[in-house]
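Beneath this line is the structure, given in structure tokens, with notes to follow.
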Amino acid sequence: MSKDRERARFTRRLTAWVDGEREPKDQTLFVMEQHPPRHVRQSEEEFQRREEDRLRKFFNWYPIAAAVICAVLVAILLTTVMSMPGFGEEDNPINNEVSDRYLEYGAEDTGSENVVTAMIIGYRGFDTLGESCVLFLAVAAVMILLLRDRKNTSELEVRQIERDEAEAMSHEDLILKQVAWVLIPFIFLFAIYVLLNGETSPGGGFSGGTILGAGLILFSAAFGFRRMQVLMNRRRYSAVRTFGLLLYGVLYGLYIFIGANGLPNYLTGMILLIDLAVGLVVACTMYGFYALFSRGEI
Amino acid sequence: MLSDILQNRYAVTAVILFGVGFTNLMLQQNLLRKVIGFNIMDSAIFLLLASLGYIDGGVAPIVGDRGFDPLYINPIPSGLVLTGIVVSVSITAFSLALIQRIYRRYGTIEMRELLERAKKEDD
């Protein structure tokens, strides 16, 4: 009986030893050393004072440090610029075989005489897809921040807006209206011209879209928000914006698919269509920024 | 030294503009002016890129029927500038919207007052 117990105790001690556990020390003699507290607990106002002191010191030192950093940065950049290859020389390292390739085969590969358009829509189309997404997301983010609705607008602000609108309606700006009446058709015409001629002349989706957006902004500023809503309300705006981005994605995907598989390309004006899609996105972005910043609604 | 500066005049101008913009960004207390400084920096970069692509006596890279006869400028930096402008516009719009929201919330866009008010609200 006692042998069994001894063996059980031995096994327990063995497993404890294997597990790395030692027998507990005799700790009755161990007394913890008593340190004085390292920090004296500050009173509330002491803390406040010290914090303000720190903030003031920061504000005193910040301009000096910033000026030093700026001076050092400009000095480094200037010394770098001094050792750059000369301006406008033909054999600069930047004019390498990549640009030669684009210039030589760009028109042949993409069907666009303007090599910049061929590059940004054809060779680097994914980059432009990213740019369109950036614009799309920028409008979405500004919309999140600035769009007025029932929840984030107080009664006072609503009344203020209504008063402003009534005042704007009663005092019609004759010069602006007449000039806009004359100019807007030409601006739209020019925008369409630039959009459609991105392949053969300077222009394309980005510039044409910006001009189109400028025309929309002028229309909105001259004839008021109510009339603008007949042309473009919020649903139509979102639809056009999303349609532009989707059109770009689908067309460029198709373009790559056709090109990579060596299929016959029946759509000769592919670059033109992609440019139009970019133009739609850019125009909507420009107008959206204006509308959101000036009124908070589209 | 002077001939170096004259040779790289656009790059030197770009660096100076960049410095002006960066100083504005760091030293101005007003948030709107910070954004303006940021935009000046953007313009400096665009100037540098556009000047890098230029070749003396070059024409715009619209090939057409002219073949390889005239000297064309480098089209790649032009495309990069286009990308940069798009990003710059988006960033500017987003930061301006943020500033408008900050003004609505705190009633100021001066950095120092803003810090104090935000701190007071924290407590």
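Order of the sequence lines sets the chain letters (A, B, ...), proteins ahead of strands, with each chain counted from 1.
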Bottom line for A:M82: the part with an atom under 4.5 Å from chain B's heavy atoms is both
If one checks every heavy atom of B:F18 against chain A at 4.5 Å, the contacting part turns out to be side chain
Whatever's closer than 4.5 Å to a heavy atom in chain B on A:E51 counts as side chain
When the 4.5 angstrom heavy-atom criterion is applied to B:I91 and chain A, the contacting part is neither
So, the part of A:F289 with a heavy atom under 4.5 Å from chain B: the answer is side chain
So, the part of A:D127 with a heavy atom under 4.5 Å from chain B: the answer is side chain
Smallest heavy-atom separation, A:I94 atom then B:N74 atom, equals O-ND2, 3.1 Å
The interface call for A:L135 against chain B, heavy-atom contacts under 4.5 Å, is both
If one checks every heavy atom of A:T200 against chain B at 4.5 Å, the contacting part turns out to be backbone
Honestly, the part of B:R112 sitting under 4.5 Å from a heavy atom of chain A is both
Under 4.5 Å to a heavy atom of chain A? For B:Y10 that would be side chain
Rounded to the nearest 0.5 angstrom, the CD-CG distance for B:Q100 and A:L145 is 9.5 Å
Taking every heavy atom of A:P85 against every heavy atom of B:N8, the minimum-distance pair comes out as O-OD1, 3.2 Å
Turns out that what part of B:L115 lies under 4.5 Å from chain A's heavy atoms comes down to side chain
Turns out that what part of B:I16 lies under 4.5 Å from chain A's heavy atoms comes down to neither
dist A:E90:CD -> B:L71:CG (nearest 0.5 Å) comes out at 4.5 Å
Cut-off 4.5 Å, heavy atoms of chain B, and the answer for A:I144 is backbone
